[in-house]
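The next block holds one structure in the form of structure tokens; read it before the comments.
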Amino acid sequence: MQRRDFVKKVGAGGLALSAGLTGTVRAKSDAEFKWKMVTTWPKNFPGLGTGANRLAELIGEMSGGRIQVKVYGATELVPALEVFDAVSRGTAEMGHGAAYYWKGKSEAAQFFSTVPFGLTAQEINGWFYYGGGLELWQELYGQFGLIPAPAGNSGVQMGGWFNKEIKSVEDLKGLKMRIPGLGGEVLTRAGGTAVNLPGGELFTALQSGLIDATEWVGPYNDLAFGLYKAAKYYYYPGWHEPGTCLEAMINKKAFEALPKDLQSIVLNACKVVNQDMLAEFTARNPGALQDLVKKHGVELRRFPDDVIKKLKQLSDEVVAEIGQKDEFSKKVYASYAKFLQQCREYSGVSELAYLIARDRT
Ligand code: CA
């Protein structure tokens with residue numbers, strides 16, 4: 001008897017509970033959304049591609065399956081460099097890439113990924129979320145029917161893989177290096193030849209001597225690409241990409257069709273992935289660098305001071321010129337440059353001062 005009573009009670013409680021839950025779900029909306037996410041990365045590529053996968057999974061989990069996002073690697077649905085247009089016209093509801101790929105839309109886009117000798121990962125997130133950076137980014141992408149969101153960061157990249165030693169500024173002259181974007185412009189002004197090649201062609205180009213050097217990301221990604229088999233020296237620091245922010249872009253109409261709670265889930269999932277990817281790189285880069293040096297005999301080299309000084313001087317020129325291209329670029333540059341200057345002053349008593357105290361004394 002006692003047992004039957006117990007079963008009855010549990011049964012009744014269970015019913016009440018499930019009725020309560022059903023009520024809550026109905027109060028929101030049980031509409032389901034099937035989205036496509038196109039990316040500029042090879043499918044499942046460590047760090048960058050897996051970051052896009054993680055974003056899609058999170059949106060699915062956080063929404064209880066009400067939004068299902070299917071991820072397409074570069075070229076699966078559209079080529080890497082058509083991601084922006086594909087999401088803009090609604091071929092896919094979301095994209096994952098990096099804003100500097102879209103400088104053809106506006107030179108200012110480059111400030112939303114990274115610029116040489118610019119903000120670090122920690123600093124650019126400060127600029128985005130609390131320094132006006134994200135509002136400027138929204139203003140730009142809004143013209144194309146898109147909503148942007150920071151969605152990953154590589155942290156400070158490496159200077160790259162070299163088959164020629166860089167001992168002075170003279171050694172940059174005639175150097176054929178795969179280095180895209182503003183870093184490439186800086187190298188050209190230093191007398192080198194900047195070559196732009198997609199990631200998939202780097203290894204062969206380096207091994208065959210078509211190029212003398214290439215940059216890619218950092219130890220974790222570079223190890224996965226096997227670049228150590230094609231070059232002898234691994235240079236640092238990655239002056240050209242000090243904390244590259246990856247982006248999610250969302251088709252505005254698709255976003256506006258979502259109920260409010262799902263809109264919040266999409267944007268907050270981007271925020272989680274933005275931090276999560278940086279944590280992954282932070283955790284995996286040190287071990288990957290050890291493998292490169294200890295297992296694969298890579299020679300680690302720091303760019304000499306006079307080379308860094310020259311690159312910095314040229315970078316400042318190049319970045320300032322981008323900031324004068326048009327009215328919008330002027331506005332973005334003014335905001336970015338002011339924030340950078342504040343960070344430089346503060347770093348001297350915070351991160352920089354602390355790291356010197358911790359690691360160099
Ligand atoms: Ca890079």
Side-chain angles (χ1 to χ4, degrees), residues 39-42 45-52 74 80-81 83 96-103 109-121 124 150-162 166 172 175-188 190 192-203 205-206 211-228 230-231 233-247 274 277-278 280-282 284-285 288-289 292 298 300-301 303 308 311-312 314-315 318-319 322:
T39 68
T40 58
W41 327 114
F45 188 66
L48 311 175
T50 53
L81 297 183
V83 162
H96 194 267
Y100 54 22
Y101 291 139
W102 323 121
K103 65 171 188 172
Q110 299 172 97
F111 288 104
F112 306 122
S113 51
T114 194
V115 299
F117 292 94
L119 299 168
T120 64
I124 201 168
N153 200 301
S154 66
V156 181
Q157 298 199 359
M158 286 291 284
W161 297 89
F162 290 69
I166 303 299
L172 297 173
L175 183 80
K176 280 172 85 176
M177 179 170 181
R178 182 269 182 187
I179 174 168
L182 295 177
E185 176 60 27
V186 171
L187 180 71
T188 304
T193 305
V195 181
N196 202 356
L197 290 171
E201 290 172 29
L202 298 187
F203 185 87
L206 195 57
I211 52 175
D212 305 312
T214 185
E215 68 81 56
W216 183 232
V217 184
Y220 174 44
N221 279 180
D222 294 7
L223 177 66
F225 250 36
L227 292 170
Y228 59 91
Y233 307 107
Y234 198 20
Y235 271 89
Y236 67 94
W239 56 274
H240 61 300
E241 296 195 61
T244 303
C245 176
L246 306 177
E247 65 178 0
N274 192 38
M277 191 186 292
L278 182 61
E280 187 185 3
F281 277 113
T282 304
R284 301 202 196 282
N285 275 332
L289 185 64
L292 286 169
V298 167
L300 202 54
R301 291 274 194 281
F303 290 118
I308 290 179
L311 292 170
K312 182 163 189 300
L314 293 171
S315 294
V318 168
V319 174
I322 299 301

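Heavy atoms only: backbone and side chains are in, while hydrogens, waters and symmetry mates are out. Whatever order the structure lists them in is the order used to number ligands and atoms, beginning at 1. Only a predicted model underlies this, so the values are computations on that prediction, with no experimental measurement involved.
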request  = Please determine if the Ca ion (ligand 1) has an N/O/S atom from Gly238 lying under 3.0 Å away.
outcome  = no
request  = Quick one: the OE1 of Glu215, the Ca ion (ligand 1), OE2 of Glu241 angle, rounded to 10°, please.
outcome  = 90°
ask   = What are the two closest non-hydrogen atoms of Phe162 and Ala213, and how far apart are they?
value = CD2-CB, 3.5 Å
ask   = Shortest non-hydrogen contact from Ala151 to Glu247?
value = CB-C, 3.9 Å
inquiry  = Could you check, using the six-membered ring where one of them is a Trp, whether Tyr234 and Trp161 have ring centers closer than 6.0 angstrom?
reply    = yes
message = So, 3.0 Å as the limit: is an N/O/S atom of Gln157 located closer than that to the Ca ion (ligand 1)?
response = yes
message = Please check: side-chain N/O of Arg178 versus main-chain N/O of Glu215, any donor-acceptor pairing under 3.5 Å?
response = yes
